[in-house]
Amino acid sequence: MPRDTLTQEQIVRTAVELLDDEGLDGLNMRSLGKRLGAAATAVYWHVKNKDDLVLLAADRVWHEVELPELDAADWRGAATAMADRLHAMLLRHPWLVQAIGSHLLYGTGKARYDDRLLGVFETAGFAPLEADRAAGAVVTYVLGNALGAAATASLSRKLRLAGQDAEGMLSETLAGAAQAAEPFPRLRARLDTPAATGYAEAPDGTYAAGLRALLDGLRPGGTDTVPGS
């Protein structure tokens, strides 16, 4: 595809697809150009470099998160929807968690999300500082829960590219972790239950239960004063 027929929209959309398939390490201008049917040099007419491409791709996927309406009467429902939708987006694009830790990212996609999440709390009566803290707690919680899936996707890809049996090695690792847990009574009791599928696997409903507990602990007027201040 000649450079004059390429658009930045095409390039960014294809970059997201490549990142979903190959992760951050698999993103380079040559591979991207091949997917686009264009020379790698043609891509540089529309983006500066790989970092710029990651920035644009990240902004694009942030725009995927559907924002709920502000509702003072059901602010916990709105906050839950925002957390759940962000969590789902991060699971669709596990490379973004890694990118957040290794790139300086900004854009209108994340800005619109952050603004609406602050609005959820401020509409419910949270003071600006309280809203900042509450929004930060929610986003940090969601990112932390998505980290495991992102790490698993990255490791599985790396093992696969090295020609190793990713599933087999992960199973061996879980078995080794379970053996290491044997001397510890609380862990051993859980491993001995019929429902146990492997050490280090979070029980079903862990994410939802944690989010519910977090939101139950937030209330207007409840986070603005630091104990001892």
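- We find the CG-OH distance between Asp84 and Tyr207 to be 4.0 Å, quoted to the nearest 0.5 Å.
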From CA spacing to verdict: side-chain contact (heavy atoms from CB on, under 4.5 Å), Leu27, Trp95: CA-CA 11 Å; Leu27 178 65; Trp95 53 271; over 6 Å; no
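- Note that OG1 of Thr14 and CZ of Arg35 are 8.0 Å apart. Values are rounded to the nearest 0.5 Å.
- Residues passing the salt bridge (charged side-chain N to carboxylate O under 4.0 Å, His left out) test with Asp132: none are found, sequence neighbours excluded.
- Scanning all heavy atoms of the two residues, the minimum distance from Thr123 to Ala72 falls at O-CB, 3.4 Å.
- Summarising the geometry, atom CG belonging to Leu105 is positioned 7.0 Å from atom CG belonging to Leu96; distances are rounded to the nearest 0.5 Å.
- You'll find the side chain of Thr5 stays beyond 4.5 Å of the side chain of Gln10, heavy atoms only.
- With 3.5 Å as the limit, one finds no donor-acceptor pair spanning the side chains of His87 and Asn145.
- Nearest heavy-atom pair across Ala137 and Leu214 is O-CD2, 3.8 Å.
- Taking the side chain as every heavy atom from C-beta outward, Glu9 and Thr7 approach each other to under 4.5 Å.
- Annotation for Phe126 and Ala134: closest pair CE2-CB, 4.3 Å, computed over non-hydrogen atoms.
- Leu147 has its side chain out of reach of Leu143: every pair of non-hydrogen atoms, C-beta onward, lies at least 4.5 Å apart.
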Residues Glu122, Leu70; criterion side-chain contact (heavy atoms from CB on, under 4.5 Å); working and verdict: CA-CA 10 Å; Glu122 290 188 353; Leu70 299 179; over 6 Å; no
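- Among all heavy-atom pairs drawn from Ala150 and Pro94, the shortest one is CB-O, 3.4 Å.
- Hydrophobic clustering (ILVMFWY, side-chain heavy atoms < 4.5 Å, transitive): Leu118 and Leu129 are in distinct clusters.
- Proximity of Phe121 to Val138: side-chain heavy atoms (C-beta onward) are separated by under 4.5 Å at one or more points.
- Open room surrounds CD on Gln179; 12 or fewer heavy atoms of other groups in view lie less than 6.0 Å from it.
- Rounding to the nearest 0.5 Å places CZ of Arg60 at 14.0 Å from CG of Leu55.
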Glu64/Arg92 under salt bridge (Lys or Arg N to Asp or Glu O under 4.0 Å): CA gap, chis, key distance, verdict: CA-CA 10 Å; Glu64 293 179 6; Arg92 289 196 303 272; 2.8 Å; yes
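- At least one donor-acceptor pair under 3.5 Å links the side chain of Lys50 to the backbone N or O of Leu24.
- Checked by atom type and distance alone, the side chain of Arg212 never pairs as donor or acceptor with a backbone atom of Thr80 at under 3.5 Å.
- Formation of a donor-acceptor pair under 3.5 Å by the Gln8 side chain with backbone atoms of His46 is found in this model.
- Nearest heavy-atom pair across Ala42 and Leu6 is CB-CD1, 4.0 Å.
- Atoms CG and CE, from Leu117 and Met82 in turn, are 5.0 Å apart once rounded to the nearest 0.5 Å.
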side-chain contact (heavy atoms from CB on, under 4.5 Å) assessment of His93 paired with Leu19: CA-CA 8 Å; His93 309 291; Leu19 284 162; over 6 Å; no
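- Listed for the Arg219 side chain is a donor-acceptor partner under 3.5 Å among the backbone atoms of Asp216.
- Rounded to the nearest 0.5 angstrom, Leu218 CG and Glu130 CD are separated by 9.5 Å.
- A side-chain donor-acceptor contact under 3.5 Å links Arg85 to the backbone of Glu66.
- What you find for Pro68 and Ala78 is that their closest heavy atoms are CG-O, 3.7 Å.
- Other residues, nucleotides and ligands contribute over 12 non-hydrogen atoms within 6.0 Å of the CD atom of Glu17.
- No chain of hydrophobic side-chain contacts below 4.5 Å, direct or via other Ile, Leu, Val, Met, Phe, Trp or Tyr residues, connects Leu91 to Trp62.
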Worked check of side-chain contact (heavy atoms from CB on, under 4.5 Å) between Val139 and Tyr113: CA-CA 10 Å; Val139 171; Tyr113 181 91; 4.1 Å; yes
